[in-house]
There are 2 protein chains.
Amino acid sequence: MIRGEQTRRNILARAVDIASVEGLEGLSIGRLATDLDVSKSGLFAHFGSKEELQLATIEAAARIFYAEVIGPALVTPPSPDRVYHLLDRWLAYSRTRVFPGGCFFARVGAEFGGRPGRIRDAIAELDCTWLGVVAQAIAQARMESDPDQLAFELNAYARAANAASLVHGDDNAYERADRAVRAALGR
Amino acid sequence: MIRGEQTRRNILARAVDIASVEGLEGLSIGRLATDLDVSKSGLFAHFGSKEELQLATIEAAARIFYAEVIGPALVTPPSPDRVYHLLDRWLAYSRTRVFPGGCFFARVGAEFGGRPGRIRDAIAELDCTWLGVVAQAIAQARMESDPDQLAFELNAYARAANAASLVHGDDNAYERADRAVRAALGR
DNA sequence: TAACTGCACGAACGATCGTACTATTACCCG
DNA sequence: CGGGTAATAGTACGATCGTTCGTGCAGTTA
């Protein structure tokens, strides 16, 4: 019981890193097993199918995201500061490469966006959750008549910075995003 | 010459559609050949390697993008209208699924963003070109002291709408993006 | 000690990947 | 019309994909 659970944890810890760069399709069982020095069949037995491995990887990434971004930002009491803190944590989460391939969800969202199925559904739900947290923080701070609209715009800045930094290999976009966030929040 | 060129065109026309959904890695030569009812080896001979096929596919997608977005918008003379027109064409390009998987460059940019190489370089250059066109239009309209900053924000709205519509399967995000663009342009 | 359970292993499956050859067709030019 | 070249087809390769199966080892329970 205990031994198996620890192995599973190790597998997923490595899986999220690989998937953030190579995608959930590029995450091959053989490659993952080789990296971890375990047998392909032993690893496979933990999940039963590739799709289950992919879903478990998304779950693991979501936990990391929550611990890195949402959790820390929610220590700030409801206020405009909390909204800024959420975005600031998100930008740091991308910039410091909590996942080596940048934002995990941007990577796999683009991969499965055009393909309906359980994986896309899981990603969509997590995206809704994140946007919901931001919108609620905005609503609680009473800083905007349309919290969802502002949440959309703030999230757009963050995602754009993540994408630009990855493609162009520099950090300039994060400064642009920070400036845009501050302007949108009236700072 | 003529016969071969036409075949190449047919191949790339199908390739961009597949790659916009499955990515440039998911674009397999066998699958592509089957779809087009040609032999795998005959198709392969046109490019010599998979990477060359991928680069040619990016080139073909860029031409379509130019014809669908940049070209039409540039008929509007330099002005705030031109800036809005550029963004409006972009949103239509994504919403009407000129590529079945949404924006081709968002898809493959996420795929190769974390992986240096010729493909990422090609994507980065095209991204720079697009942002440059938008920034120049802003500068010519003299609507902002920092055209690059505004171009970043407008592009962010568009990309976010593309991603959201794909993942969530609805068109709401395009209205949010349009609202954000109009607000940013002071309309 | 005997039976059972959880976990990982190696070997092998058929399918598909990108790529390399050779053979065959189809077209252009003299 | 015939010869040469460009374009396509055919076949085969080694590698890797996801998956299945049977087996052995470790630890717990009876």
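Note: hydrogens, waters and symmetry copies are ignored here, and every other heavy atom, side chains too, is used. So you know, we letter chains A, B, ... as the sequences are listed, proteins then strands, and number each from 1.
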For atom CZ of B/Phe47 and atom P of C/dA20, their distance in whole Å: 16 Å

Does A/Ala45 reach a base, just sugar-phosphate, or nothing at all? Heavy atoms under 4.0 Å. nothing

Are the side chain of A/Asn162 and the backbone N or O of A/Ser94 linked by a donor-acceptor pair below 3.5 Å? no

Give the rounded distance in Å between these two atoms: CG of B/Leu43 and C1' of C/dA20. 16 Å

Closest non-hydrogen atom pair, B/Glu68 against B/Val98: OE1-CG2, 3.7 Å

N/O (side chain, B/His46) to phosphate O (OP1/OP2, D/dT8) under 4.0 Å: yes

Looking only at the side chains, is there a donor atom on one of B/Tyr84 and B/Thr76 sitting less than 3.5 Å from an acceptor on the other? no

Rounded distance (Å) that lies between atom P of C/dC28 and atom CD of B/Glu5: 15 Å

Strictly below 4.0 Å, N to O, side chains only: are B/Arg159 and B/Asp127 in salt-bridge contact? yes

With a 4.5 Å heavy-atom cut-off, do A/Glu111 and A/Glu25 have their side chains touching? yes

Considering residues, nucleotides and ligands other than A/Arg115, do more than 12 of their heavy atoms fall under 6.0 Å from its CZ? yes

A/Gln6 CD to C/dA8 P, in whole Å, measures 11 Å

Residues from residues 18-39 of chain B lying under 4.0 Å of DNA chain D - heavy atoms: B/Val38, B/Ser39

So B/Trp90 and B/Trp130, would you call those rings parallel, tilted or perpendicular, with 30° and 60° as cut-offs? tilted

Separation of D/dA7 atom P from B/Phe44 atom CZ, nearest Å, is 16 Å

Does a donor on one side chain sit under 3.5 Å from an acceptor on the other, for A/Tyr157 and A/Tyr174? no

Let's test your reading of the model: under 3.5 Å, does the base of C/dG18 pair with the side chain of B/Lys40 as donor and acceptor? yes

Pull out every residue in residues 48-56 of chain A that has a heavy atom closer than 4.0 Å to any atom of DNA chain C, ordered by number, or say none. none

Looking at side-chain heavy atoms only, is the closest gap between B/Phe47 and B/Leu12 below 4.5 Å? yes

